[in-house]
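Have a look at the structure below before the remarks.
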There are 2 protein chains.
Amino acid sequence: MAAGRELLEEGGPDALSMRRLAGRVGIRAPSIYKHLADKEALEVALIVDGLREFGELCEAAVAGADDPLAALAVAYRSWAVAHPHLYRLINDRPLPRDRLPEGLEARAGAPLVAAAGRDPDRARAAWAFAHGMVMLELTGRFPPGADIGAAWREGVRALASPEAV
Amino acid sequence: MAAGRELLEEGGPDALSMRRLAGRVGIRAPSIYKHLADKEALEVALIVDGLREFGELCEAAVAGADDPLAALAVAYRSWAVAHPHLYRLINDRPLPRDRLPEGLEARAGAPLVAAAGRDPDRARAAWAFAHGMVMLELTGRFPPGADIGAAWREGVRALASPEAV
DNA sequence: GTCTATACCCGGATAGAC
DNA sequence: GTCTATCCGGGTATAGAC
């Protein structure tokens with residue numbers, strides 16, 4: 001499992017092959033299938049691991065922060081930038097919900113929902129903003145000179161004030 | 001070119017192979033290389049085509065709208081949902097900027113910059129929100145019962161009012 | 001649990017004849 | 001411009017021996 005995460009984080013999704021995984025742990029490719037049913041099982045395990053880690057980070061970031069949404073934004077961005085390939089594995093493809101532990105997805109999202117005043121639509125808007133910021137940064141889609149931090153602050157400010165109409 | 005776009009839109013990036021493209025236009029795979037330098041040239045051509053089309057749609061949506069940002073949001077979402085694979089080819093990977101016509105990227109983004117009151121940070125925040133909403137919808141990452149339209153309205157409302165502090 | 005050997009897919013791209 | 005033949009790489013996965 002650890003080897004799989006290393007491969008993914010070091011080399012992206014293309015580097016996460018059953019052959020390479022076997023090589024990394026010092027056995028031949030076919031032997032992997034004595035430990036893992038198939039590649040999807042590996043991906044699911046990495047998703048569960050990442051989702052758990054990310055959720056805990058968010059909980060820690062929110063705890064005792066005077067501006068939960070801003071704290072969450074910082075935690076969100078820093079985790080995504082530190083683990084871009086794992087972030088994409090989790091958030092840039094359909095989630096295998098039926099193979100995830102009960103409540104894991106909800107727990108990872110709970111801090112944001114709380115920070116958004118328990119308004120699910122506002123929470124989703126805030127999530128979309130954060131996800132969009134991260135994806136555009138990771139793929140280098142912002143123009144070269146863009147001040148990404150300023151855009152984050154602008155979005156957090158706008159989404160933090162439900163009264164603003 | 002048209003065949004390439006069909007392949008991409010019908011079957012996603014995996015369907016866009018030089019072999020399939022050749023098959024679609026009725027020749028053998030190697031003959032493709034008499035028309036296209038390599039696969040990247042094909043992708044660049046599709047990106048240019050899509051960026052141009054998308055930019056024109058945004059200009060049309062903004063023209064004469066009383067709420068430009070809301071109109072842009074509708075146009076953005078509908079184009080992305082109608083062409084998900086082309087959208088991702090354009091927005092979910094690094095842009096080959098050096099192979100794009102001069103000014104194309106800027107023109108596609110101009111309507112949003114204008115709608116955001118010429119504040120680049122606010123424009124980028126709004127773009128990130130829209131991009132995040134689209135990506136999360138396309139990948140099915142929102143929870144099953146989520147009201148995606150409501151989240152769009154919430155985000156557009158929040159990002160539309162720069163005065164709100 | 002590990003191995004070798006293998007089956008079966010796919011991809012991008014080139015050489016050289018016509 | 002098209003063809004055939006081919007080279008190279010990659011991948012998931014199974015069979016059967018040890």
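Below, chain A is the first sequence line, B the second, and so on; all start at residue 1.
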Quiz item: Quick one: side-chain contact (heavy atoms from CB on, under 4.5 Å) partners of A:A80, sequence neighbours excluded?
Solution: A:Y87, A:V134

Rounded to whole angstroms, how far apart are [atom1] on [X] and [atom2] on [N]?
{"X": "B:K39", "N": "C:dG12", "atom1": "NZ", "atom2": "P", "value": "4 Å"}
{"X": "A:R28", "N": "C:dC3", "atom1": "CZ", "atom2": "P", "value": "6 Å"}
{"X": "A:E40", "N": "D:dG11", "atom1": "CD", "atom2": "C1'", "value": "16 Å"}
{"X": "A:I27", "N": "C:dT2", "atom1": "CD1", "atom2": "P", "value": "5 Å"}
{"X": "A:L21", "N": "D:dT12", "atom1": "CG", "atom2": "P", "value": "10 Å"}
{"X": "B:D14", "N": "D:dG11", "atom1": "CG", "atom2": "P", "value": "15 Å"}
{"X": "A:L42", "N": "D:dG11", "atom1": "CG", "atom2": "P", "value": "14 Å"}
{"X": "B:K34", "N": "C:dT14", "atom1": "NZ", "atom2": "P", "value": "11 Å"}

Quiz prompt | B:R124 bridged to A:E154 by N-O distance under 4.0 Å | solution = no

Practice problem: Taking only the side-chain nitrogens and oxygens of A:R20, find out if one of them lies under 4.0 Å from OP1 or OP2 of D:dG11. | Solution: yes

Self-check item: B:S31 vs D:dC3: side-chain N/O to OP1/OP2 distance below 4.0 Å
Solution: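 Yes, B:S31 has a side-chain N/O under 4.0 Å of OP1/OP2 on D:dC3.
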
Atom pairs and distances, donor-acceptor, side-chain atoms in residues 63-74 of chain B, under 3.5 Å, two or more places apart:
{"residue": "B:D67", "atom": "OD1", "partner": "B:L69", "partner atom": "N", "Å": "3.4"}
{"residue": "B:D67", "atom": "OD1", "partner": "B:A70", "partner atom": "N", "Å": "3.2"}

Quiz prompt | Shortest side-chain distance from B:M18, nucleotide among C:dT4, C:dA13, D:dT12 | solution = C:dA13

Quiz item: Closer to the 5' end of DNA chain C via nearest nucleotide, is it A:H35 or B:R19?
Solution: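 It is A:H35 whose nearest nucleotide is closer to the 5' end.
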
Exercise. Indicate yes or no for a side-chain donor-acceptor contact from B:R141 to the backbone of A:I90 under 3.5 Å, with no hydrogens or angles considered.
Key: yes

